[in-house]
Amino acid sequence: MTEPLLKVENLRIELTTRAGVTPVIDNLSFELGHGENISFVGESGCGKSMTALSIMGLLPEGVGRIASGSIQFHGEELTTASTERLRDIRGNEISMIFQEPMTSLNPVYTVGEQIAEVLRAHQGLSKKAAWDMAAELLDAVRIPNAKSRVGDYPFQMSGGQRQRVMIAMALACKPKILIADEPTTALDVTVQAQIFDLLRDLRRNTGTSIIMITHDMGAVAEMAERMIVMYAGRNAEIGPVDQIIDRPRHPYTKGLISCVPHIVANLTEERHDLTEVPGIVPSLQEFGKNRCLFASRCNLRTDECLRERPPAREFENGQKADCWHAEEL
Amino acid sequence: MDGAVNFLRVTLIRVFYAVILLIAVLILNFSLMHMAPGDVADTIAQAAGGIDAEALEQIRREYGLDQPFLVQLGRYIGNVLRFDLGYSFFYSDKVTSLILSRLPATLLLVITAQLLALVVGVILGVFSARKPNGILSHFVTFLALFGYSAPVFWTGLLMLVIFSLMIPIFPVAGMRDVTIEGGFFAQAFDIARHLVLPMITLSSIFLALYSRLARATMMEVLGSDYVRTAKAKGLTNRQVVYKHALKNSLSPVITLAGLQLSAVVSGAVLVETVFSWPGLGTLAFQSILARDTPLILGILFFSALVVIVGNLLTDLALRLVDPRVGGKK
Ligand SMILES: Nc1ncnc2c1ncn2[C@@H]1O[C@H](COP(=O)(O)OP(=O)(O)OP(=O)(O)O)[C@@H](O)[C@H]1O
Ligand SMILES: [Mg+2]
């Protein structure tokens, strides 16, 4: 009976753009256990937000769609679920906080109303009860004077406070899964640390599983059990965080980790040489090609990398890497 | 009740500016009329079938028209501030009472036409924004083109022809039927029937304008981050569109409606003339033909007043839909 909470299998998401149909997500699989924290890392544009939105059933209408694969929540298939069922799940059992705290709250309603609304929609709370609960939630996400600020409008709050409001809103119904899409990218450094602290404490208190998307390898090392490194819409490497940091099996992961020397220094005696990852992510049009998409930036590149897409290599420690040279690393 | 005090203060400042603006309008109107060839004395002379130069001078002296310009201006402003707009030679009545007897008809026409254009415009905009390629959306595009290119008197004449010759269900002239007897409701119904055609004609231009803007803003708002948040909360489509999106798309439309108010008032002059609607417009038309300077000035003054008061109300409405306007706290 160790069915995972969330099981994503061979997910393929296609975007219809002017240039044609391209897979932004190509054959992605991962699982999320109860109470687990899994982190997505990868450069901008590699499809992290798309993955998150597909789980929520919120891919941009008319542009993105799930072409194949499955997303199972508690064994229930979400890709074919009815809109009513998805609405029941959203904000209730799976909720999400977004990358853009400044614009993710509705400017013309008070933050209290925006939190209370979720409670009324999913838990059938009365207006009064939902409002009181909203104040409590604001307090729980450490907004000072929560009782008096619950009637504030978003424009009266700072970016960090708005993101706290988003977190309060996301946690209002005690969801099983919280998807945090770069919750700190738009915030300044001190606030970033506070938000991560908050998420960690909330997870400890509520047991919510977290899918955390971030660029911050330090936060990954500190908070997540497992991580997925994505590159150009594909899985580059997946596995336990400490194992991957200890010995990355994909040259892209290796490059990413060596960009942040302090985590390497913490975890291993020997320090890897500092190499950044030269070059840029391939354009969306190249996403579907049958070859290793990282090859153009890779110093281990051989002919087969350009000839065929690398299959997943599995290791005993649970690490899995899509690289022709995974064993050599 | 911090907000209320602040609101009162802001409103008072607004009223103060409005008064200054009105005085500026007075000076401008008066100067323009002064520069125009011919004056009241000429008009009276004409009405009397021609009189000699001495009698003309006599009349000028009586009305103070021989005084220097600034003296005349000062006296006029002084009179207006005491709510005395002078005397109409053509109608042999006080300008103020003439205008006040006509004002309700114009206000009725202007307000209902503006409301009709706003409400229908927003409804059309919202529906067509939800289906950008649907029939309704194309209809809005067509309507906008029609509204922009068809002059209001032409639309009015078209309506006249259609409704007097082909489908005579609405009266095409005047404001009430003198033969109708009965209580308040019978009278009101009669006026409403007479109002239909002028109201539709006047609102047609603005309907085109508002529906286009409403569609554009609604489409933008529907793609915004906070609408995505609303969906992620698991709200129903209806709540997402009519609660979260609609309120945000209203303020640009209300702002435009405020800016268009002067155009609505001047449009009313034409529409009233076409449909013999007994309002300020027909009065203005006749007073210009009769060179009835005090009456023209009075009507211009009242039109300015209507526009300024309308703009104050627009501001108020904006405050209601958008808490950021005027900065609470
Ligand atoms: N609405 C859209 N229409 C067309 N293309 C889109 C749309 N949204 C995203 N994309 C494209 O899909 C790709 C993946 O985007 P996604 O937002 O998932 O990246 P990401 O990994 O979250 O990046 P970031 O770190 O910048 O948030 C990008 O190339 C992006 O340009
Ligand atoms: Mg993203």
Side-chain angles (χ1 to χ4, degrees), chain A residues 49 52-53 55-63 83-110 113-123 148-149 151-156 162 165-166 169-170 172-173 175 179 181 186, chain B residues 1-4 6-7 122 126 128-134 137 214 217-255 316-329:
Chain A
S49 298
L53 290 174
I55 298 170
M56 296 292 289
L58 288 177
L59 287 173
E61 258 169 74
V63 180
T83 39
E84 287 77 29
R85 178 69 189 126
L86 281 177
R87 215 153 50 212
D88 274 351
I89 293 175
R90 268 182 225 146
N92 190 19
E93 295 184 88
I94 305 179
S95 52
M96 177 162 178
I97 50 184
F98 297 95
Q99 207 166 334
E100 305 86 2
M102 299 310 280
T103 51
S104 289
L105 289 169
N106 194 327
V108 302
Y109 291 105
T110 61
E113 167 58 22
Q114 294 186 58
I115 300 172
E117 185 179 42
V118 201
L119 292 160
R120 295 202 304 265
H122 294 296
Q123 320 231 303
S148 65
R149 304 221 54 185
D152 276 7
Y153 287 94
F155 75 90
Q156 293 165 309
R162 289 186 209 189
V165 172
M166 285 297 292
M169 209 152 80
C173 299
I179 304 175
D181 186 0
Chain B
M1 286 290 94
D2 217 24
N6 186 42
F7 179 73
V122 167
V126 170
S128 59
R130 294 186 69 183
K131 289 207 173 83
N133 291 315
S137 193
T217 38
M218 193 66 186
M219 275 167 80
E220 190 187 316
V221 167
L222 283 178
S224 68
D225 290 341
Y226 53 82
V227 163
R228 188 182 55 190
T229 306
K231 289 182 191 160
K233 285 174 174 181
L235 300 181
T236 60
N237 251 332
R238 190 178 300 180
Q239 285 172 311
V240 172
V241 174
Y242 294 103
K243 180 174 176 188
H244 284 268
L246 184 59
K247 202 172 171 192
N248 275 285
S249 63
L250 281 183
S251 32
V253 182
I254 292 178
T255 308
L316 254 162
L318 271 183
R319 253 161 237 274
L320 284 182
V321 297
D322 193 339
R324 286 165 299 184
V325 175
K328 225 182 143 195
K329 265 186 191 169

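The sequence lines fix the lettering, A, B, ..., with proteins before strands; numbering per chain opens at 1.
In terms of heavy-atom pairs under 4.5 angstrom with chain B, the leader among A:Gln99, A:Glu100, A:Glu117 is A:Glu117. Between chain B and the residues A:Leu105, A:Ile94, A:Thr110, A:Leu86, the most heavy-atom pairs under 4.5 angstrom are made by A:Leu105.
Heavy-atom minimum distance, B:Ala232 versus A:Met56: O-CE, 3.6 Å. Pairing each heavy atom of B:Leu235 with each of A:Arg87, the nearest pair is O-CD, 3.1 Å. Nearest heavy atoms, A:Pro107 versus B:Pro323: O-CG, 3.5 Å. Considering every non-hydrogen atom in both A:His122 and B:Lys233, the closest pair reads NE2-O, 2.7 Å. The minimum heavy-atom distance between A:Val108 and B:Val321, with the atom names listed, is CG1-O, 3.4 Å.
Counting only N and O atoms by type, the side chains of B:His244 and A:Gln114 include no donor and acceptor under 3.5 Å apart.
Heavy-atom distances place both the backbone and the side chain of B:Thr236 under 4.5 Å from chain A. For a residue to count as touching a neighbouring chain, one of its non-hydrogen atoms must lie under 4.5 Å from one of that chain's; by this rule A:Thr103 touches chain B with backbone and side chain alike. For a residue to count as touching a neighbouring chain, one of its non-hydrogen atoms must lie under 4.5 Å from one of that chain's; by this rule A:Ile97 does not touch chain B. If you measure heavy-atom distances from B:Val227 to chain A, you find no contacts under 4.5 Å at all. Neither the backbone nor the side chain of A:Met102 comes within contact range of chain B; no heavy atom of the residue lies under 4.5 Å from a heavy atom of that chain. Contacts of A:Arg120 with chain B are made by side-chain atoms alone, with heavy-atom separations under 4.5 Å and no backbone atom involved.
Residues B:Arg228 and A:Met96 have side chains not in contact (no heavy-atom distance under 4.5 Å, counting atoms from C-beta outward).
Formation of a donor-acceptor pair under 3.5 Å by the A:Tyr109 side chain with backbone atoms of B:Lys243 is found in this model.
Annotation for B:Glu220: atom CD does not count as buried by contact number, only 12 or fewer foreign heavy atoms lying within 6.0 Å.
Atom OG1 of B:Thr229 and atom CZ of A:Phe98 lie 5.0 Å apart (nearest 0.5 Å).
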